[in-house]
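These values consider heavy atoms only, across backbone and side chains, with no hydrogens, waters or symmetry-generated copies. Numbering of ligands and ligand atoms starts at 1, following listing order. Predicted model only: the values in this text are computed from it and were never measured. For the single chain, residues carry numbers from 1 onward in sequence order.
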Amino acid sequence: MTSIARHEQPDLRELLAFYAESGAYDALVEEPIDRFAEAAVSAQSAKAPARARSFDGQASAPAEQARTSMLDRAAPPARPATPAAVPDEAQAALAREIASRAGTLEELRAHMAAFDGCNLKFTAKNLVFSDGNPTADVMLVGEAPGRDEDLEGLPFVGRSGQLLDRMLAAIGLDRNSAYIANVIPWRPPGNRTPTPHETEICRPFIERQIELANPKVLVTLGGPSAKLLLDTTDGILRLRGNWRAHQMKSGTVVPAMPTLHPAYLLRNPAHKKLAWRDFLEIKAKLGELG
Ligand code: URA
């Protein structure tokens, strides 16, 4: 019998550290799955027919019992059936339709909570709709919720949210005087980048949310938000600091300032001075617009 030398065995601590670093904090099922027991079940059932099957091909009672009890231990608890993926354009069309039907932000939130067309919903714990004051003059839009936001159901409550609060405070704003949302309202598993398809499905929701909040100034946080809402393919370092326009479906145009994402600033603190300049621009514009 061959055995794996100890130094060749995967180090579970390293694997867990790798998962944690990649942001994969959440298990997809509540209970751990014992893959060794599953392997034993497969091995057993592969051997079983010769010894334990009756003439009509059914497993004999003891073999079936052994198999069932092992499966009981190995199987994850039953979960509600959910679509594994959302494959087609029909869901984007449905999102556009239900977003346009929302007459208020509360209706929009309710429509989004009832919408099953984005597969991100099925791995997220909460819909992350918004925080802050929906009647504020300024609306900020980030990319997608992370783990903390998913748990609380509120945008920007983790480390990057704390930095965002300090950036707002630097120009005299807080969550009573700013409205905050994300392009994607459900946390992508493991904080992966949302796919273009997921982004297209969620686009009508954030566009309608901006239209209903109707801010005087829009601030996009990070590249993905700027690209989507300012209809550009330019990189954020080129875009930031220059006023652009966000065109609503109604035709209304709102001045928009693309700036760096707080999570990026946490990784690149030397660039905080650039974001500071952008926030001074935002302050001046709000002053100008009264
Ligand atoms: N990053 C985002 O883009 N949005 C959040 O809500 C949190 C982190």
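Using a 4.0 Å cut-off to heavy atoms of Glu143, the atoms of ligand 1 that qualify are 2 (C), 3 (O). Ligand-side atoms of ligand 1 in range of His261: 1 (N), 2 (C), 3 (O), range being under 4.0 angstrom from any heavy atom. Residue Gly142 has at least one heavy-atom neighbour below 4.0 Å for each of these atoms of ligand 1: 3 (O). Near Pro155, meaning under 4.0 Å from one of its heavy atoms, ligand 1 places the atoms 6 (O).
At the top of the distance list for atom 4 (N) of ligand 1, counting protein heavy atoms only, stands Asn182 OD1, 2.8 Å. Protein heavy atom nearest atom 2 (C) of ligand 1, with residue, atom name and distance: Ala144 O, 3.1 Å. At the top of the distance list for atom 8 (C) of ligand 1, counting protein heavy atoms only, stands Ser160 OG, 3.6 Å.
A 6.0 Å sphere centred on CZ of Arg159 holds no more than 12 heavy atoms belonging to other residues, nucleotides or ligands.
Not a single N or O atom of Gly146, backbone or side chain, sits closer than 3.5 Å to an N or O atom of ligand 1.
Looking at Glu200, its side chain never comes within 3.5 Å of a backbone N or O of Ala92 through a donor-acceptor pair.
Counting heavy atoms closer than 4.0 Å to ligand 1, residue Ser225 contributes nothing at all. By the criterion of a heavy-atom distance under 4.0 Å, the side chain of Glu149, and not its backbone, is placed next to ligand 1.
Note on Arg192 versus Glu198: salt bridge recorded, some NZ/NE/NH1/NH2 to OD/OE distance being below 4.0 Å. A salt bridge is defined here as a Lys NZ or Arg NE, NH1 or NH2 lying under 4.0 Å from an Asp or Glu carboxylate O, and Glu281 with Lys285 fails to meet this definition. Looking at Lys249 and Glu207, a side-chain N of the basic residue comes within less than 4.0 Å of a carboxylate O on the acidic one, giving a salt bridge. Between Arg96 and Glu89 there is a salt bridge, with a side-chain nitrogen of the basic residue lying less than 4.0 Å from a carboxylate oxygen of the acidic one.
With values rounded to the nearest 0.5 angstrom, Phe129 atom CZ is found 10.5 Å from Trp186 atom CH2.
Leu237 and Arg240 get closest at one heavy-atom pair: O-CG, 3.8 Å.
Using a non-hydrogen distance threshold of 4.0 Å, Ala263 does not register as a contact of ligand 1.
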